[in-house]
Amino acid sequence: MNVEECTDELKKLLSYKSIKLKRLIRLDLAVRSFMVVAIMVLCKIGMLNNITFSVNSIEKSSYGFSHPNHLGGMVLIIVIYFFYLKHKRFRIIDYILVALLFYISNNVAHSRTSSYLIASIVLFEIVDSIVSKVTKRKKYKERLISIIKYGVFAIPLSSIWLAYNYTPTNLVMAA
């Protein structure tokens, strides 16, 4: 079964059960958030192992996950879901929550890619909120589509940039 067939099957399943995508994301967000917090708490009380790695004298902690990047990935998924559900309806408390999640990804797990993506999502949300209030939607949408067309070039460039940041000889990221 290829990816297209799986996607079609998922769409059929959701339509048969008349499940709305937002409802499914809310449910997954609630379950995933609870499980991440539960795993971290179980690790803190000693029931799960905290796997730590030391890279360039920076200690990465997994807090119950099998690898610190898995913790960063889970936090990233939570942030993506959160932004999807709260798009253009953010309050200060929401940004504080995202800042806490960024702190966990960046300073606890030291998951740089997840941290970069969280920062990019926050920046996109802020710019989108400002631009949508200032400009007309149709004009903004056309500009956004033209920018996305050139995003094909941004993906390899960002991959090169991230690969450069992961090299041990990079003094900027090692500090």
Side-chain angles (χ1 to χ4, degrees), residues 3 6-7 9-11 13-129 155 158-159 161-168 170-175:
V3 174
C6 289
T7 305
E9 291 299 317
L10 179 63
K11 286 179 184 176
L13 177 68
L14 292 176
S15 64
Y16 289 147
K17 298 288 185 178
S18 67
I19 298 173
K20 302 288 184 203
L21 182 62
K22 277 194 174 186
R23 185 173 178 214
L24 184 65
I25 288 175
R26 271 191 200 102
L27 177 65
D28 191 40
L29 175 64
V31 170
R32 189 177 304 266
S33 298
F34 173 77
M35 293 303 293
V36 167
V37 170
I39 289 170
M40 291 177 78
V41 167
L42 289 172
C43 178
K44 276 308 241 184
I45 62 174
M47 293 182 74
L48 293 175
N49 292 332
N50 183 16
I51 300 169
T52 57
F53 296 94
S54 183
V55 179
N56 296 334
S57 72
I58 296 173
E59 190 172 293
K60 300 171 112 184
S61 299
S62 70
Y63 278 87
F65 289 87
S66 60
H67 192 278
N69 288 339
H70 293 164
L71 172 59
M74 284 296 152
V75 169
L76 174 64
I77 291 170
I78 289 170
V79 168
I80 290 170
Y81 282 170
F82 194 65
F83 272 93
Y84 177 79
L85 294 173
K86 302 276 292 186
H87 183 59
K88 292 186 183 163
R89 295 180 291 120
F90 266 78
R91 300 179 319 232
I92 296 295
I93 191 77
D94 299 326
Y95 283 112
I96 292 171
L97 176 64
V98 171
L100 173 69
L101 292 170
F102 178 80
Y103 175 82
I104 291 170
S105 176
N106 193 50
N107 296 352
V108 174
H110 289 282
S111 181
R112 285 180 281 179
T113 304
S114 296
S115 301
Y116 292 152
L117 290 171
I118 291 169
S120 299
I121 292 168
V122 170
L123 182 66
F124 178 79
E125 179 67 27
I126 291 170
V127 168
D128 186 52
S129 296
I155 293 170
S158 61
S159 296
W161 181 71
L162 287 169
Y164 171 73
N165 284 332
Y166 281 109
T167 59
N170 184 354
L171 298 176
V172 174
M173 296 309 290

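Since the structure is predicted, the reported quantities are computational estimates derived from the model, not experimental observations.
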Enquirer: What residue pairs, at least two apart or across chains, pass salt bridge (Lys or Arg N to Asp or Glu O under 4.0 Å) with a residue in residues 63-79?
Expert: none
Enquirer: Taking all non-hydrogen atoms of both residues into account, name the closest pair between F102 and A119 and its distance.
Expert: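 Shortest heavy-atom separation between F102 and A119 comes out as CE1-CB, 4.3 Å.
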Enquirer: Any side-chain heavy atom of S62 sitting closer than 4.5 Å to one from N50?
Expert: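 A side-chain contact exists here, since the closest heavy-atom pair is under 4.5 Å.
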Enquirer: Just verifying a value: how many Å separate I104 CD1 and M74 CE, rounded to the nearest 0.5 Å?
Expert: 13.5 Å
Enquirer: Return the set of residues passing ring pair (Phe, Tyr, Trp, His ring centres under 6.0 Å) with Y95 (not counting sequence neighbours), or none when no residue passes.
Expert: F90
Enquirer: I'd like to check the salt bridge (charged side-chain N to carboxylate O under 4.0 Å, His left out) partners of K44; sequence neighbours left out, ordered by chain and number.
Expert: none
Enquirer: Decide if atom CD1 of I45 counts as having more than 12 heavy atoms of other residues, nucleotides or ligands within a radius under 6.0 Å.
Expert: yes
Enquirer: Less than 4.5 Å apart, side chain to side chain, heavy atoms only: is that true for I126 and V122?
Expert: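 Answer yes - side chains close enough.
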Enquirer: Taking all heavy atoms of I118 and all of L101, pick out the closest pair and write down the distance.
Expert: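 Heavy atoms only, the tightest pair is CD1-O, 4.5 Å.
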Enquirer: Grab the two heavy atoms, one from I51 and one from F65, that are nearest each other, plus how far apart they are.
Expert: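 Taking I51 first and F65 second, the nearest heavy atoms are CD1-O, 3.8 Å.
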Enquirer: Tell me, please, which residues at least two apart from F53 pass ring pair (Phe, Tyr, Trp, His ring centres under 6.0 Å).
Expert: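 Once residues adjacent in sequence are excluded, the partners of F53 under the ring pair (Phe, Tyr, Trp, His ring centres under 6.0 Å) criterion are H67.
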Enquirer: Only pairs at least two apart or in different chains count here, so list each salt bridge (Lys or Arg N to Asp or Glu O under 4.0 Å) that has a residue in residues 94-104.
Expert: K86-D94
Enquirer: Inspect the surroundings of CG in N107 and state if more than 12 heavy atoms from other residues, nucleotides or ligands are less than 6.0 Å away.
Expert: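 More than 12 within 6.0 Å, yes.
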Enquirer: Give the intermediate values and the outcome of side chain to side chain contact (heavy atoms under 4.5 Å, CB included) for residues I96 and I92.
Expert: CA-CA 6 Å; I96 292 171; I92 296 295; 3.9 Å; yes
Enquirer: Indicate whether any N or O donor in one side chain lies under 3.5 Å from an N or O acceptor in the other, for S111 and S105.
Expert: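 Not at all, the side chains of S111 and S105 share no donor-acceptor pair under 3.5 Å.
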Enquirer: From N106 CG over to Y116 OH, what is the distance, rounded to the nearest 0.5 angstrom?
Expert: 8.5 Å
Enquirer: Roughly how far apart are N69 CG and L76 CG, rounded to 0.5 Å?
Expert: 11.0 Å
Enquirer: Show me the side-chain donor-acceptor pairs of residues 31-42 shorter than 3.5 Å, one per line, residues at least two apart or across chains.
Expert:
from : atom 1 : to  : atom 2 : distance (Å)
R32  : NH2    : D28 : OD2    : 3.0
S33  : OG     : L29 : O      : 2.7

Enquirer: Please report the interatomic distance CD1(I121) to CZ(F83), rounded to the nearest 0.5 Å.
Expert: 7.0 Å
